Q: 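Next up is a structure, given as structure tokens.
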Amino acid sequence: MKRELRSLKWKTRVTDLLGIQYPIVQGGLAHLAYADLAAAVSNAGGLGQVTAMSLDNPEQLTDEIRKTKSLTDKPFGVNFAIGQHGRPYEHMLEAALKEDIAAVSVTGGNPAPFLDYVKGTQVKKLVLVAARRQAMKAEQLGADAVMVVGQEGGGHLGRDDIGTSVLIPQVVDSVNIPVIASGGFGDGRGLMAALALGAEGIEMGTRFIAVKECVHAHELYKNALVSGTENDTVVIKRSIGAPARVIANSWTDKILEIEKENGGYEQLKDYISGKANQRYIHDGVEGEGFAWAGQVMGLIHDVPSTAELFSRIIDQAEAIRSKWAD
């Protein structure tokens, strides 16, 4: 009964939309968000996600979705990072829809064709945006909710360098669909701050890398998140119009040097490739690759289980809410 009452307290349009207990969504996490993590997040009460475009073909995606279903009976989603220089995604999306998943999210690129493809299905549609105009467009195109990432976030960001505390209220005031705040969130204080800004949930990426169930992340990567600070990230790829936040290291120094010398995509592509990303995050070869991370790494101090992390977040948020009520 106590757990049921606690769940009711966290009811928002996002929990209603996605059929989840707590308004917490796991980020897409390229090359990391597979069944173990997605199921752990969903079992803990949030919405876990499987990353589709890190897989090679529809058969692999189908296997990953079915593995996730074997680990949880709770809703989960599939993320599609479509901004991959024209790489087709429709066959992957078709495979996901055949598996009767709860939600899809789309990041990067133009979401219009993607949303057209899923129009008329029961699957819930989330779109990651980084600007008010993008959120308004996503709503117009049929998104059920927008995930709004501020400049603090890890991975790809908006081009306008707008921080989360300014961007979220702007978007909340501009759309009628639920807003999920992203960028800089990793604990109960962040959840309460997001709700105070008018969001109805949070998306967390970096924080979910430093959990036990993120089994594909190398220990070196997790240790870097735990030992690093908010000052240990840099933004790369500005010169090609796709700014993205990563952990600073000698490899990202090379990237920034190429950008400083006006090197284009051809000069950068081997440094910013998925293979370079995997050398760091999977193989732990820190000096020969890069790893996405947001400034929230300054708030990460351990590697708990996903269930422990959820319990900690909700307890912290409950304490804040009780304090406000006094």
Side-chain angles (χ1 to χ4, degrees), residues 10-29 33 38 41-42 44-51 74-81 101-108 111 114-115 123-139 141-158 162-208 294 296 309-310 313-314 317:
W10 294 103
K11 179 181 172 67
T12 71
R13 287 193 295 166
V14 168
T15 61
D16 287 347
L17 176 72
L18 301 174
I20 56 178
Q21 186 176 4
Y22 301 119
I24 300 174
V25 176
Q26 169 225 311
L29 299 176
V41 172
S42 290
L47 185 82
Q49 293 200 87
V50 172
T51 173
K74 303 291 194 303
F76 64 91
V78 176
N79 172 257
F80 291 82
I101 54 174
V104 291
S105 66
V106 56
T107 58
F114 183 95
L115 294 173
V123 68
K124 304 306 180 188
K125 307 170 287 295
L126 313 179
V127 178
L128 183 73
V129 300
R132 176 170 50 180
R133 66 183 181 283
Q134 294 173 350
M136 296 169 66
K137 187 66 175 178
E139 180 179 40
L141 291 170
D144 293 302
V146 285
M147 302 179 293
V148 184
V149 60
Q151 185 62 18
E152 301 94 323
H156 289 98
L157 308 165
I162 307 299
T164 301
S165 63
V166 171
L167 183 59
I168 299 301
Q170 284 185 334
V171 174
V172 168
D173 290 343
S174 303
V175 300
N176 293 312
I177 56 177
V179 172
I180 300 168
S182 180
F185 298 103
D187 60 22
R189 294 169 296 187
L191 173 58
M192 293 301 286
L195 297 177
L197 292 171
E200 298 187 57
I202 56 174
E203 183 198 49
M204 302 195 307
T206 304
R207 177 65 264 199
F208 279 130
V296 75
L309 178 62
F310 265 78
I313 290 171
I314 298 303

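Just the heavy atoms: all of them, side chains too, but no hydrogens, waters or symmetry mates, feed the values below. Everything numeric here is computed off the predicted structure, so don't read it as measured data.
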Q: What are the two closest heavy atoms between I20 and G46, and how far apart are they?
A: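 Closest pair (atom of I20, atom of G46, distance): CG2-O, 3.5 Å.
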Q: Measure the spacing between CG of L17 and CG of L126 and express it to the nearest 0.5 Å.
A: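 Interatomic distance, L17 CG to L126 CG, rounded to 0.5 Å: 6.5 Å.
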Q: Using a 4.5 Å cut-off on heavy atoms from C-beta on, say whether the side chain of V175 contacts that of M136.
A: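 They are in contact (side-chain heavy atoms under 4.5 Å apart), so the answer is yes.
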Q: Would you indicate whether the side-chain heavy atoms of V78 and V123 approach each other to under 4.5 Å?
A: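 No. Closest side-chain heavy atoms not under 4.5 Å.
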Q: Do I313 and F185 touch side chain to side chain, with heavy atoms closer than 4.5 Å?
A: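 No. Closest side-chain heavy atoms not under 4.5 Å.
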Q: Answer whether the closest heavy-atom distance between the side chains of V25 and L18 falls below 4.5 Å.
A: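 They are in contact (side-chain heavy atoms under 4.5 Å apart), so the answer is yes.
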Q: Which heavy atom in G28 sits nearest to a heavy atom in A33, and how many Å separate them?
A: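 So the minimum-distance heavy-atom pair works out to O-CB, 3.0 Å.
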Q: Report, one line per pair, each donor and acceptor closer than 3.5 Å where one atom sits in a side chain of residues 198-205; sequence neighbours left out.
A:
{"from": "E200", "atom 1": "OE1", "to": "R13", "atom 2": "N", "distance (Å)": "3.0"}
{"from": "E200", "atom 1": "OE1", "to": "R13", "atom 2": "NE", "distance (Å)": "3.4"}
{"from": "E200", "atom 1": "OE2", "to": "R13", "atom 2": "NE", "distance (Å)": "2.8"}
{"from": "E200", "atom 1": "OE2", "to": "R13", "atom 2": "NH2", "distance (Å)": "2.8"}
{"from": "E203", "atom 1": "OE1", "to": "S182", "atom 2": "OG", "distance (Å)": "2.8"}

Q: What is the minimum heavy-atom distance between G48 and V41, and which atoms define it?
A: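 Here G48 and V41 meet closest at N-CG1, 3.6 Å.
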Q: For the atom pair CG (L29) and CZ (F208), what is the distance rounded to the nearest 0.5 Å?
A: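 Those atoms lie 9.0 Å apart.
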Q: Could you walk me through whether L115 and V127 pass side chain to side chain contact (heavy atoms under 4.5 Å, CB included), step by step?
A: CA-CA 9 Å; L115 294 173; V127 178; 4.1 Å; yes
Q: Please report the shortest heavy-atom distance between R132 and V171, naming the atom on each side.
A: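 Minimum heavy-atom separation between R132 and V171: CA-CG2, 4.0 Å.
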Q: Which residues pass the side chain to side chain contact (heavy atoms under 4.5 Å, CB included) test with K74, sequence neighbours left out?
A: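 With neighbours one apart ignored, the set is S42, N43, T72.
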Q: Please name the pair of heavy atoms, one in A131 and one in L167, separated by the smallest distance, quoted to 0.1 Å.
A: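 Taking A131 first and L167 second, the nearest heavy atoms are CA-CD1, 4.0 Å.
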Q: Please tell me if the side chains of V172 and L197 come closer than 4.5 Å, counting only heavy atoms from C-beta onward.
A: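 The answer is no, as the side chains (C-beta and beyond) never meet within the 4.5 Å cut-off.
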Q: State, yes or no, whether a side-chain contact exists between L309 and R207 at a heavy-atom distance under 4.5 Å.
A: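 A side-chain contact under 4.5 Å exists here.
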Q: Rounded at 0.5 Å granularity, tell me how far NZ in K124 sits from CG in D144.
A: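 CG of D144 is found 5.5 Å from NZ of K124.
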Q: Is there a side-chain contact between T12 and P178, using heavy atoms and a 4.5 Å cut-off?
A: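 They are not in side-chain contact.
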Q: Applying ring pair (Phe, Tyr, Trp, His ring centres under 6.0 Å), can you list everything that pairs with F76, at least two apart in sequence or on another chain?
A: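 Scan of F76 (ring pair (Phe, Tyr, Trp, His ring centres under 6.0 Å), adjacent residues dropped) gives none.
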Q: Would you give the length of the straight line joining atom CD of Q26 to atom CG of N79, rounded to the nearest 0.5 angstrom?
A: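 If we round to the nearest 0.5 Å, Q26:CD and N79:CG are 9.0 Å apart.
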Q: Between D187 and R189, which heavy-atom pair has the shortest distance, and what is it?
A: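 Smallest heavy-atom distance, with atoms named: OD2-NH2, 2.7 Å.
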Q: To the nearest 0.5 Å, what is the distance between CD on Q134 and CG on L141?
A: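 Between Q134 CD and L141 CG, I get 11.5 Å after rounding to 0.5 Å.
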Q: Do Y22 and L191 have side chains that get closer than 4.5 Å, going by heavy atoms?
A: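 Y22 does not reach L191 side chain to side chain.
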Q: Pick out which of V146, T107, V179, V149 makes a side chain to side chain contact (heavy atoms under 4.5 Å, CB included) with V129.
A: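 Going through the options one by one, the only one that passes is V146.
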